[in-house]
Chemist: 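Pasting a structure below so you can have a look.
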Protein chains: 2
Amino acid sequence: MSHPGPDLEHPAGHATIRHVAELAGVSVKSVSRVVNGEAGVRPELAERVTAAIEQLGYRRNLAASTLRRRGQRTGSIGVVIQDVANPFAATLLRAVEEVAQRRGVVVLASSIDGDAEREARAVAELVRRRVDGMILMPTSAQHGSLAEEQRLGMHVVFVDRPPVGLDADYVGADNAGGARTAVRALLDRGHRRIAYLGDTRTISTAVERLAGYRQAFVDAGVETDEELIVHDLNVSRHARAAAAELLSRRDRPTALFTAQNLITIAALHVLRGLELRQRVAHIGFDDVELGDLLTPGVSVVRQDPTAIGRTAAELLFGRLDGDDGPVRRVIRPVELVERGSGELAPLAFEG
Amino acid sequence: MSHPGPDLEHPAGHATIRHVAELAGVSVKSVSRVVNGEAGVRPELAERVTAAIEQLGYRRNLAASTLRRRGQRTGSIGVVIQDVANPFAATLLRAVEEVAQRRGVVVLASSIDGDAEREARAVAELVRRRVDGMILMPTSAQHGSLAEEQRLGMHVVFVDRPPVGLDADYVGADNAGGARTAVRALLDRGHRRIAYLGDTRTISTAVERLAGYRQAFVDAGVETDEELIVHDLNVSRHARAAAAELLSRRDRPTALFTAQNLITIAALHVLRGLELRQRVAHIGFDDVELGDLLTPGVSVVRQDPTAIGRTAAELLFGRLDGDDGPVRRVIRPVELVERGSGELAPLAFEG
DNA sequence: CTGTTAGCGCATTCAA
DNA sequence: TTGAATGCGCTAACAG
């Protein structure tokens, strides 16, 4: 025993490889070999080591292992999302997790609630922890600061919202196309006063969905009424207030297009409160749970958060595996799901 | 320059403290002082260091830092939940995250989908990563294996389901009481054939909710009909099938008690499909989004996942801060929310 | 097959 | 105020 190491039978905290080595009467390297399943260890010795590991409750310290291994990955990725309590983000995260778990990679998730500072803090924290890569649903308007991290080997995949001022992979949905389809459907049924209720305009999805809304009007040769366009509904309370205001106007809209799931839910509450669900057409972006069971059913533009998350994760792990092809931009299709609320005919204000 | 260290101007990966020290022409210790905000550094020198840090894009490697710091925490906690895509778990996780973020602690989340093996793997992974503590929504029947971790200083708080074979903190809801209240309400309205649709019986919440169901019958002096009790509906498909089967019997139940959110949603679809939502009473455990907007509204026993998550996180951090008081068991109250479906009177089977 | 030495990136101890 | 040595727990490279 030439080790000057600890002599504790019962280490205060976790046992280390040295404790195991001493107890088994072997060198640390042999323990390391056994722990890592390296070949070339005499069975008898291996058994002694295993017994010692068992007895001490030894668990390899992954941080130390990673530190020493040359160019070793930490086996962790970061996922920065808006709010894990939002089903869209939660479902996406779940899909990422699924792919990660299959590779034995853990996921560090952070909700940032549309706060650019929290986003920056979250990213910095992930870098400090040397995650192998990150999946970002950004809130900030500029992502150039990530270029530095990229240059240092950090792999970043954007989801839901594309990178700005940065070359990075992106997986999102056809926001403009989906909005356009929804609004065209409303126009086709004769609606003209179609309100748009959307999220903060710094969010690209909101911008794209509004663009789709406008495009549908252009396509139909109908002018948009700017009075019917409301932005910045990033809080349910605001969405409710906006919907209530719109729907109590003398010339209220005959249809609503709500550009995000929480706004859709808020609008549903208001419509119900005013007993207008049967009278005002409504299409939302993002599916909502139980939307099919309401009367009328809630028509939505459905995107597939599971597919987005899975695709993003696979893209990220592909990069980690060495794929250094050109930056990819994956736009997933969306689908208009007609359940009733979007197929209501326009009704004059009888109020 | 007496350091034998690297001489790269542009390190391949991340810059280390040595790169910074060389560039600034100081010792590593001085860089360390600046990075950690320790006092006693000449401003001029500090500035040189800061400039070098900036220039190299240096980020302290937290793993290395933690490794060296004496008894230092990793600033991370693990959260093991059933499925982050389930709103109950997602909301709980969000609350934990909120508390953690305020303390600069990151969260490692793992969904385990009712798979005990995945749970064990997730826990082992968290231990390898030396998280400071963990919050567990367990799926396994026995948690004694965690005693070892506990002895080694790992702090564990259970949520939703209490520890078995282990002394550990726990935060959950009054499952039995909530179920009892719900079923009593149905009995009070004259229902006798009240079906129970529940999750796997290895899950304590399912057991407790069933116990509450039974207790309500005992309280009322009514016998339960075992034919109306269905278990193991841990997959939506199964829940739907079970509900469909129950509701197509000649002597179908006049009321349903669905003991979990996904089962409630499955039952709602079936009831709707059979046009029975107005005829068969229904109370679910766990609130469901938009449940208030259905016709009739979905009566539920509501628990507060945010409060559970927050409480669990605060409990955990309290332990990390040195609270070594006796093990705590926090049972949060639940609330019967009457929205219509639970207040329907019993109706004879009309054929 | 096994062990020794060195060092990952950093913080601590102690000396200058 | 600053820096050189030492070692956290582990593995790589190189002995024997």
Side-chain angles (χ1 to χ4, degrees), chain A residues 1-6 8 11-22 24-49 53 56 58-75 127-130 152, chain B residues 1-6 8 11-22 24-49 53 56 58-75 127-130 152:
Chain A
M1 254 15 65
S2 60
H3 302 298
L8 303 166
H14 288 268
T16 74
I17 198 169
R18 295 244 298 257
H19 292 103
V20 177
E22 289 191 8
V26 299
S27 75
V28 291
K29 181 56 195 168
S30 291
V31 178
S32 176
R33 284 203 180 89
V34 173
V35 169
N36 291 301
E38 285 175 33
V41 182
R42 193 153 39 91
E44 183 215 282
L45 192 150
E47 261 180 57
R48 274 212 326 267
V49 170
I53 287 175
L56 294 174
Y58 169 75
R59 320 293 167 113
R60 176 169 55 152
N61 183 326
L62 210 61
S65 168
T66 299
L67 186 60
R68 188 60 183 88
R69 270 170 167 31
R70 201 168 43 86
Q72 169 75 345
R73 299 263 155 76
T74 56
V127 173
R128 272 196 289 277
R129 292 177 186 276
R130 299 293 190 270
L152 297 175
Chain B
M1 246 28 53
S2 59
H3 302 298
L8 304 165
H14 288 268
T16 74
I17 199 170
R18 296 242 299 257
H19 292 103
V20 177
E22 289 191 9
V26 300
S27 75
V28 290
K29 179 55 195 167
S30 291
V31 177
S32 177
R33 285 202 180 91
V34 172
V35 169
N36 292 301
E38 286 174 32
V41 181
R42 196 152 36 93
E44 184 215 281
L45 192 151
E47 260 180 57
R48 272 212 325 266
V49 170
I53 287 174
L56 293 174
Y58 168 75
R59 319 294 166 113
R60 176 168 56 153
N61 182 326
L62 212 60
S65 169
T66 299
L67 186 60
R68 188 62 182 88
R69 268 169 166 34
R70 200 168 41 85
Q72 172 73 344
R73 299 262 157 75
T74 56
V127 173
R128 272 196 288 277
R129 290 175 189 278
R130 299 292 190 269
L152 297 176

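Values in this document were obtained by computation on a predicted structure and should not be read as measured data. Chain letters run A, B, ... following the sequence lines, proteins first and then strands; every chain starts at 1.
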Chemist: Rounded to the Å, how far apart are B:L62 CG and D:dG9 C1'?
Modeler: 16 Å
Chemist: Provide, to the nearest angstrom, the distance between the CZ atom belonging to A:R68 and the C1' atom belonging to D:dC8.
Modeler: 14 Å
Chemist: Specify the separation, in whole Å, of atom CZ of A:R18 and atom P of D:dC10.
Modeler: 10 Å
Chemist: Write down the distance between CZ (B:R48) and P (D:dG3), rounded to a whole number of angstrom.
Modeler: 8 Å
Chemist: Would you tabulate the nitrogen or oxygen pairs shorter than 3.5 Å linking the protein to nucleotides 14-16 of chain D?
Modeler:
none

Chemist: Restricting to side chain to side chain contact (heavy atoms under 4.5 Å, CB included), what partner residues turn up for B:S65, sequence neighbours left out?
Modeler: B:R60, B:R69
Chemist: Supply the atom-to-atom distance A:E44 CD to A:R48 CZ, rounded to the nearest 0.5 angstrom.
Modeler: 5.5 Å
Chemist: B:S30 or B:A64: which one's nearest nucleotide on DNA chain D is closer to the 5' end?
Modeler: B:S30
Chemist: From the set D:dT2, D:dT11, C:dT12, return the single nucleotide nearest to any side-chain atom of B:V41.
Modeler: D:dT2
Chemist: Could you tell me how far apart B:N36 (CG) and C:dG9 (C1') are, to the nearest whole angstrom?
Modeler: 13 Å
Chemist: To the nearest Å, give me how far apart CZ (A:R69) and P (D:dA13) are.
Modeler: 12 Å
Chemist: Expressed as a whole number of angstroms, how long is the span from B:H14:NE2 to C:dG9:C1'?
Modeler: 13 Å
Chemist: In whole angstrom, give the distance that lies between atom CD1 of B:I17 and atom P of C:dG7.
Modeler: 18 Å
Chemist: Contact class for B:V35 vs. all strands (heavy atom < 4.0 Å): base, sugar-phosphate, or nothing?
Modeler: nothing
Chemist: Nearest of D:dG9, D:dT11, C:dT2 to any side-chain atom of A:T16?
Modeler: D:dG9
Chemist: Out of C:dA11, C:dG9, C:dT2, which has the shortest distance to the side chain of B:L67?
Modeler: C:dG9
